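Below: one structure, written as structure tokens.
In this chain, numbering begins with 1 at the start of the sequence shown. Keep in mind it's a predicted model, so treat the numbers as computed, not measured.
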Amino acid sequence: INLTKASAATSTVDPGDDTQRSTAAIAQALGQSVYLPPAEDRPDPEWTRIDQLFPFLLAIFGTSQNYRDTMQANLPSYRERIVQIRLSDNEGGLNLAMPPDIIKEVVDKGAEAGQMLSNPETFNFEHHWWVRFLVLMAQLEENIESMEEVLVNTPDIEERIKQELADELGYPYCHDERWCDEALLRIKDLTTMICSWKQAAERWKQPTFFSADAPLPKPVLRVTPPI
């Protein structure tokens, strides 16, 4: 669930053309404060006019605090499972002394968001699974090329693994001979799989298959430590 100040964002799309507008823009035009974007939704850029120093500093803090969540919320296979809740200026945030009626409005919005996620008519889990599958396969396809560069274009990889057994080299995370033999067998299997994937590309007459019409925007696969 994503909480956003309703008055803080301004859409850049044409308000008179629903075919060019995202779910967020249509929801704002209809006065809906709770909505769930579909998988095919195109997130519109949003901006806020800042003409004072203090709001500028708050924007810097908010960006540094939420940039990762904001980026992921725009990705396919993420955005269609994140209910967007627009809060008015007197709801949430630094409004620490909200009266009971305002608190009830915020609670009601949260309850509406929960109902959207639990209702198969508004959140289709099978569709969500399908989009995640397409995103995963497109990423796998794109990274197979980089794997091939490491495995195929490094002819001395077997020699390097054997050198790992030499105690005098002092390799970090060293392994025994049995592990190294198994590693070479697995690398061989992986190389065979890459060759089969390339043959499939030749059969399709196209260099890409899953990446050709992958959901947008395309994500970037990164190796990061768990948080």
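- Put simply, the side chain of Ile102 does not reach to within 4.5 Å of the side chain of Asn95, judged on heavy atoms.
- With rounding to the nearest 0.5 angstrom, the CG atom of Leu94 is 11.5 Å from the CG atom of Asp89.
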* Phe123 and Arg81: CA distance, side-chain angles, deciding distance, side-chain contact (heavy atoms from CB on, under 4.5 Å) verdict -> CA-CA 7 Å; Phe123 175 63; Arg81 68 177 184 182; 3.8 Å; yes
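- For an aromatic pair to be called close, the ring centres must be under 6.0 Å apart, and Trp129 with Phe125 fails this.
- Residue pairs satisfying the salt bridge (charged side-chain N to carboxylate O under 4.0 Å, His left out) criterion with at least one member in residues 107-116, sequence neighbours excluded, are listed as follows: Glu91-Lys109, Lys104-Asp108.
- Under the 4.5 Å side-chain heavy-atom criterion for Ile, Leu, Val, Met, Phe, Trp and Tyr, Leu140 and Leu221 are members of distinct hydrophobic clusters.
- Rounding to the nearest 0.5 Å places CD of Glu105 at 6.0 Å from CG of Asp101.
- Counting only residues at least two apart or in different chains, side chain to side chain donor-acceptor pair (under 3.5 Å) contacts with residues 50-66 are absent.
- Using a 4.5 Å cut-off between side-chain heavy atoms of Ile, Leu, Val, Met, Phe, Trp and Tyr, with links allowed through other members, Ile103 and Leu87 fall into different hydrophobic clusters.
- Residue Asn74 holds its CG atom at 12.5 Å from CG of Leu216, rounded to the nearest 0.5 Å.
- There is a path of hydrophobic side-chain contacts, each under 4.5 Å, that joins Ile85 to Met116.
- Residue Pro207 comes nearest to Ala201 through the heavy atom pair O-CB, 4.2 Å, listed as atom of the first residue, atom of the second, then distance.
- Sorted by first and then second residue, the ring pair (Phe, Tyr, Trp, His ring centres under 6.0 Å) pairs with a member in residues 65-119 form an empty list; sequence neighbours excluded.
- Every residue meeting the side chain to side chain donor-acceptor pair (under 3.5 Å) condition with Ser211, not counting sequence neighbours, appears here in chain and number order: Glu141.
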* Check step by step if side-chain contact (heavy atoms from CB on, under 4.5 Å) holds for Trp130 and Leu134. => CA-CA 6 Å; Trp130 173 245; Leu134 293 177; 3.5 Å; yes
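- Applying the side chain to side chain donor-acceptor pair (under 3.5 Å) test to residues at least two apart or on different chains, the pairs with a partner in residues 184-194 are Glu182-Arg186.
- Between Val83 and Ala113, the shortest heavy-atom contact is CG1-CB, 3.5 Å.
- Pairing each heavy atom of Ser77 with each of Arg132, the nearest pair is O-NH1, 3.1 Å.
- Taken from CD in Glu158 to SG in Cys180, the straight-line distance is 11.0 Å, to the nearest 0.5 Å.
- A ring pair (Phe, Tyr, Trp, His ring centres under 6.0 Å) check over residues 207-226, counting only residues at least two apart or in different chains, returns the pairs Trp204-Phe209.
- Members clustered with Leu96: none, using a 4.5 Å side-chain heavy-atom cutoff among hydrophobic residues.
- Residues satisfying the side chain to side chain donor-acceptor pair (under 3.5 Å) test with Gln139, not counting sequence neighbours, are none.
- Residues Ala73 and Arg79 approach most closely at O-CB, 2.9 Å, considering heavy atoms.
- At a threshold of 4.5 Å between side-chain heavy atoms, the hydrophobic network of Ile, Leu, Val, Met, Phe, Trp and Tyr places Ile26 and Tyr35 in two separate groups.
- Side-chain heavy atoms closer than 4.5 Å link hydrophobic residues (I, L, V, M, F, W, Y) into clusters, and following such links, even through other members, never connects Leu75 to Met137.
- To the nearest 0.5 angstrom, Ile187 atom CD1 is 10.5 Å from Met147 atom CE.
- Residue pairs meeting the salt bridge (charged side-chain N to carboxylate O under 4.0 Å, His left out) criterion with at least one partner in residues 216-227, sequence neighbours excluded, are Glu142-Lys218.
- The environment of Asp213 atom CG is sparse: at most 12 non-hydrogen atoms of other residues, nucleotides or ligands sit within 6.0 angstrom.
- Grouping Ile, Leu, Val, Met, Phe, Trp and Tyr by side-chain contacts under 4.5 Å, direct or through others, puts Val131 with Val135.
- Applying the side chain to side chain donor-acceptor pair (under 3.5 Å) rule to pairs touching residues 113-126 yields Asn124-His127, sequence neighbours excluded.
- Annotation for Leu58: hydrophobic cluster partners, listed by chain and number, are Phe54 (ILVMFWY side-chain heavy atoms under 4.5 Å, direct or chained).
- For the residue pair Met98 and Gly92, the shortest heavy atom distance occurs at SD-N, 3.3 Å.
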